[in-house]
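Residue numbers start from 1 in every chain, and the chains themselves are labelled A, B, ... in the order their sequence lines are given, proteins ahead of strands. Owing to the predicted nature of the structure, the values given are computational and were not obtained by experimental measurement.
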Amino acid sequence: MELHGENDFKIKSYQSAVNSLERFNQSLAVLDINELQEIEGVGKSLAQSIYQINEQGSFELFDDLSAKTPDGILEMMQLSGFGPKKIKLIWEKLNIDNLEDLLTACKENKIAALKGFGDKTQVKLQEAVEFKLSWRGYIHFREAEKLAEKLILDLKSIDGVNEVSITSDVRRKMEVIKPVEILVAAENKAKIIQYVAKNDAFDLDKKNSGPLSLKFTFKPLKAEVNIIFTSKDQFINELFKTTAHPNHLNAELEKGKSFNNLLKEGNFKSEAEIYEAAGFPYIEPELREGLWDLNWAKENAIPKLIEMDDLKGILHNHSTYSDGKNSLEEMARYCKDLGYEYLGISDHSKTASYANGLQEFRIKKQHEEIDALNEKLAPFKIFKGIESDILNDGSLDYSNEVMESFDFVVSSIHSPLNMDEKTATNRLLNAIANPFTTILGHPTGRLLLQRKGYPINHKAVIDACAEYGVIIEINAHPWRLDLDWRYVRYALDKGVLISINPDAHETNGYHDMYYGVCVGRKAGLTAHETFNSKSLEEISRYFNDRKKSALSKL
DNA sequence: GCCGTTTTCGGCCCGACTGTTTTCAGTCG
């Protein structure tokens, strides 16, 4: 609507309806038109549209606008830092409707000449386009794993398929994936080719497919898929080869010996057998990066990796007090029903006004509600937390008196995000040194495949966390996975505790912790090093001690 | 297109930042 010059206020009403619907926690499908109209921001027209979507899968306005919007423009709209107004202008004035032409226009200095643009904007735009192009075809791990699991299920049901497995980056649980790779041992490849060719969701890449592999695109996600064919006998060898990062596969284990060489000696029956033949303990797939894995293996000191069952509670969550979808009670009950011992609620602080951040008087109200719920739900416990904005100078968002009222504080940067490394690092260092900071939230602010995140001196930030006893979160949202697992390893070596936090904005968000566990495992994270694998008793004590020490430092 | 009256029209969430302007528009969280 913004691209096609629709009335600004009409656009606003759609936006406010979307805002309201995103927080609406019942199914829209069971509501009639009158009931739909009772939702805030939904009037007669939108109620009818929603009803139509439910009946027919779409509605006129959307179909019309989609038809006159090139795919490339939609891609351009995702450029970080550029919104509909600027994209519309580029489209109209320069007739550019795809990223490639846009990049050329930047290089030819055509963007800076446009009204409302300038040199800096052009540089920023070029960077954004290059970032976008460099990740084209990649998808997030969550989508990749789901797609892979569906493919595995389908392939297993095909006659003559003997063995199937997820392999390569998905098996190593990398945070972003291209392509999704599946290893198959089948007697009849024709049937698999038929399965791909017949499926409307797939676009077979005949040119790049051959006897060894079948390449296609999964259209709804624009995801690249590669089915690798092998024989039943060679399945384990191929699985090993395709799973491991080349640095793991080709590393010199001893003079002239590597896993790759070992595989040439014969067909193995299991991966454990391969490691045994190399004189190594078994190495989990997600560790096979050729980074720290082989040294651990050589010293027979592979850590016991964290598992979902090790997690005893869930910290860093939002409720309807700020921008969450579910009430405090719903968040608490669902957490309890999942078998956890405690929940940490950390709604947005007051500076985050866009997210309905908590003013002081609302904090008080929330704390009263938490006290009441804690009586009702005991021994389950809700901890009083806050996700405090880290302000520009690195200070936190409330007075010391208010900060004292929390059991724990997640300190995070939300805006502004375009800082240079020195500014961002200093901002974080100040927040880390604040005695009220318990956990450092999403340290870089990145959104995988979408936003780079502000640059920070990782080592300086982690060293400071070690010095001040600040826990670092692995924000488990599949778009964040921040702190990056490569630096989680550094943090662990410095003795910093890691908390796997879902940043849940609704009850279902809790399940994202799985993605945090996945990347934690890549870093060799153990239960012992994971803050929220502490029991209720242990974590209560930790929060108490931490607060005492904070108060003594004031 | 929605909402709430000053009740069928008039106004529409916020605050900060950046880069472009030369007083403000666009973007973001």
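Not counting sequence neighbours, the partners of A:Glu360 by the salt bridge (Lys or Arg N to Asp or Glu O under 4.0 Å) test are A:Lys350. The side-chain hydrogen bond (donor to acceptor under 3.5 Å, both in side chains) search around A:Gln78 returns A:Lys132, not counting sequence neighbours. A search for side chain to side chain contact (heavy atoms under 4.5 Å, CB included) contacts involving A:Arg427 returns A:Ile390, A:Asn392, A:Ile413, A:Pro416, A:Met419, not counting sequence neighbours. Applying the side-chain hydrogen bond (donor to acceptor under 3.5 Å, both in side chains) criterion to A:Ser58, with sequence neighbours excluded, gives A:Asp63. The side chain to side chain contact (heavy atoms under 4.5 Å, CB included) test applied to A:Lys10 returns A:Met1, A:Glu6, A:Asn7, A:Tyr14, not counting sequence neighbours. Partners of A:His505 according to the side-chain hydrogen bond (donor to acceptor under 3.5 Å, both in side chains) rule, which considers only residues two or more places apart in sequence or in another chain, are A:Asp323. Considering only residues two or more places apart in sequence or on other chains, A:Glu175 meets the salt bridge (Lys or Arg N to Asp or Glu O under 4.0 Å) condition with A:Arg486.
With rounding to whole Å, A:Gln359 atom CD is found 13 Å from B:dC14 atom P. When rounded to the nearest whole Å, the span between CD of A:Glu2 and C1' of B:dG26 equals 11 Å. The separation between A:Asp323 atom CG and B:dC14 atom P is 17 Å, rounded to whole Å. With rounding to whole Å, A:Lys350 atom NZ is found 18 Å from B:dC14 atom P. Going from atom CD1 of A:Ile50 over to atom C1' of B:dC2 covers 13 Å, rounded to whole Å.
Results of the ring-ring contact (aromatic ring centres under 6.0 Å, His included) test with A:Tyr342 over A:Phe383, A:Tyr542, A:Phe543 single out A:Phe383 as the only residue that passes.
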For nucleotides 15-20 of chain B, 5' to 3', base contacts (B), sugar-phosphate-only contacts (S) and non-contacts (-) with protein non-hydrogen atoms under 4.0 Å give --SSSS

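Applying the side-chain hydrogen bond (donor to acceptor under 3.5 Å, both in side chains) definition to pairs two or more places apart or across chains, those involving residues 101-111 of chain A are A:Asn98-A:Asp101, A:Glu108-A:Lys110, A:Asn109-A:Gln122. Counting only residues at least two apart or on different chains, no ring-ring contact (aromatic ring centres under 6.0 Å, His included) pair has a member in residues 22-64 of chain A.
Projected onto DNA chain B by closest heavy-atom contact, A:Glu40 and A:Lys86 fall at different nucleotides, the more 5' of which corresponds to A:Glu40.
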Symbol by symbol from the 5' end, with Watson-Crick or G-U pairs under 3.5 Å, [ ] crossing and | another strand, DNA chain B is ((((....)))).((((((....))))))

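Using a 30° and 60° split on the angle between ring planes, A:Tyr487 and A:His458 fall in the parallel class, below 30°.
Listed in residue order, the members of residues 6-20 of chain A having a heavy atom less than 4.0 Å from DNA chain B are A:Phe9, A:Lys10, A:Lys12, A:Ser13, A:Tyr14, A:Asn19.
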